[in-house]
Amino acid sequence: MNIKEAKQEIINTVRAYTQRDETGAYEIPTERQRPILLIGPPGIGKTAIMEQVAQECGINLVAYTITHHTRQSAIGLPFITDKSYGGRPYKVTEYTMSEIIASVYDQIEQSGVQEGILFLDEINCVSETLAPTMLQFLQYKTFGTHHLPEGFLIVTAGNPPQYNKSVRDFDIATLDRVRKINVEEDFDAWKEYAYKAGVHGSVIAYLDIRRENFYRIRTDIEDRYFVTARGWEDLSRILHVYEKTGLPVSKNLIVQYLQDPEIAGDFADYYELYNKYRNVYRIPDILNGDYPDNAEKIKNSPFDEKLSLISLLIDSLNTDFRRCAEELAVQKLLVGKLQGLAGALKSGADAPSYLQGAVADEKAQIERGSRTKMLERGKIRTMKLMIAALEEMENALTLDRAGRAKDPRADFRLVKALFDKREKQRQEEITKAGDRLTHSFEFMSRTFGEGQEMVIFLSELSAGYYSLQFVSENGNEAYYKYNKLLLPGNQEEALRQEALQLSG
């Protein structure tokens with residue numbers, strides 16, 4: 001299965017394993033809750049989906065790369081204790097708590113949540129001395145004499161032997177006690193995630209054209225060369241930062257992430273073309289309704305160039321849609337704070353003090369969520385933007401009250417006015433984004449008519465998390481008008497491949 005399907009399988013497992021009966025006991029006893037074993041190539045997102053699962057399910061995540069551990073850190077250190085058996089004293093060896101088990105209890109203490117996932121990576125590469133301990137843990141959920149807390153399920157991951165010379169084979173007795181899931185690389189599943197994660201448009205556009213370069217591992221006499229999903233995403237992040245700061249992007253930078261000189265060079269050439277297309281086609285002008293007058297030239301351009309143009313439009317639109325979604329999330333949080341402020345003022349509270357307390361509470365929640373990894377990055381960013389808005393309201397209140405007597409009604413009116421100002425700006429952004437989407441459809445229609453390019457443009461919009469969210473919440477007549485062009489099944493990909501073959 002692909003990584004998206006594996007993620008859903010783990011989510012389903014969490015829900016099943018944490019289901020309780022009418023007496024409060026787990027429907028599946030902990031000793032029957034089989035660990036999950038993910039086996040797949042390196043860099044396809046096995047670790048990343050664990051964070052997503054934990055955050056979406058609202059449970060803890062404790063992650064370890066098991067090859068970094070010795071037998072002592074896994075099961076604890078021995079110490080001598082005194083015991084009595086049959087009236088006679090004995091010296092007995094016991095063990096301190098395993099560092100891994102202790103981390104699980106620490107996480108529970110910090111988060112206040114009793115359930116979670118213990119994720120052990122590179123499970124099939126453990127050392128000779130640690131292997132028996134790991135097999136015992138997979139079978140009985142114990143390290144030494146210490147048991148994994150109830151409510152925690154075990155997920156492990158490893159690479160197939162062809163990717164790692166240190167891999168150890170599990171015997172049948174061990175495999176019979178785990179749920180083995182084979183995960184394969186899948187560009188379409190990754191692309192869906194990439195749109196939501198804001199992966200650089202040049203990366204998505206290039207891989208649409210060169211799908212065979214999404215994941216590749218090859219060896220020759222001298223070296224090993226590889227490109228992984230992790231490499232593409234990390235390259236995307238550095239591209240965004242380099243562009244933002246005006247730093248030059250070179251092949252020397254790209255090959256640090258795409259460790260295959262052939263693919264790195266090919267992408268470097270494409271990235272240069274991608275930026276050239278951005279300037280030649282004046283993407284901001286198209287989005288603002290100022291269409292280029294060389295429609296015939298664009299229509300007759302090579303198909304990969306058309307795909308790049310479509311990707312540039314989609315990338316710019318998704319930036320608008322992502323910003324609209326973020327502002328909506330901030331406003332929803334602020335509504336809750338304003339409702340709390342209204343109730344507090346009725347009880348005689350002081351408005352600035354209430355806002356200060358709200359800011360302090362949110363900062364503490366961010367700190368706790370960051371430490372326990374139960375808040376994803378986007379949520380933290382939204383909370384920080386909300387905190388900035390609250391601090392702006394508090395500062396405005398402080399300045400306004402310097403020249404008047406204390407008046408709770410006036411305080412609330414001022415805060416509400418600032419909220420309304422933000423909402424007006426948000427509505428203006430929505431209108432602007434909607435107009436840019438309409439102008440994009442108008443440009444596509446004028447240039448390509450209702451041909452395969454329009455179908456691909458629609459398909460890319462419909463595959464995007466934020467574009468679909470924007471249209472469902474705000475509507476767009478142009479989208480509804482052209483949406484009927486979407487073909488049943490997966491003919492969009494067939495069109496793409498056929499056009500690429502015709503264009504050579």
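What you are looking at is a predicted structure, and each value in this text was computed from that prediction instead of being measured.
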Tell me, please, which residues at least two apart from [X] pass salt bridge (Lys or Arg N to Asp or Glu O under 4.0 Å).
X	value
D361	none
E51	none
D82	K91
D350	R401

Q: Can you sort out the partners of Y354 under side chain to side chain donor-acceptor pair (under 3.5 Å), two or more places apart, ordered by chain and number?
A: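 With sequence neighbours excluded, Y354 shows a side chain to side chain donor-acceptor pair (under 3.5 Å) to no residue whatsoever.
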Under the side-chain contact (heavy atoms from CB on, under 4.5 Å) test, residues paired with [X] that sit two or more places apart:
X	value
P41	I44, Y163, E185, Y215
R422	E327, V330, Q331, L334, A389
Q259	F226
L77	Q72, T96

(Q) Under 3.5 Å, is there a donor on one side chain and an acceptor on the other for N252 and Q256? (A)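 On atom types as modelled, these side chains do not qualify, holding no pair under 3.5 Å.
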(Q) Between R179 and T13, is there a side-chain donor-acceptor contact under 3.5 Å, judged purely by atom types and distance? (A)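 T13 vs R179: donor-acceptor pair found between side chains.
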For [X], what residues pass the ring pair (Phe, Tyr, Trp, His ring centres under 6.0 Å) criterion, not counting sequence neighbours?
X	result
F470	F321
Y64	H69
Y26	none

Are [X] and [Y] within salt-bridge range, i.e. N to O under 4.0 Å?
X	Y	answer
R34	D176	yes
E56	K7	yes
D234	R230	no
D260	R218	yes
R216	E262	yes
K191	D208	yes

Q.
Are Y206 and F267, when compared by the centres of their aromatic rings, separated by less than 6.0 Å?
A.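 Here the rings of F267 and Y206 have centres that are less than 6.0 Å from each other.
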Q. Does K83 count as lying over the ring of Y90, i.e. NZ or CZ under 6.0 Å from the six-ring centre, within 45 degrees of the axis?
A.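 No, K83 and Y90 do not form such a contact.
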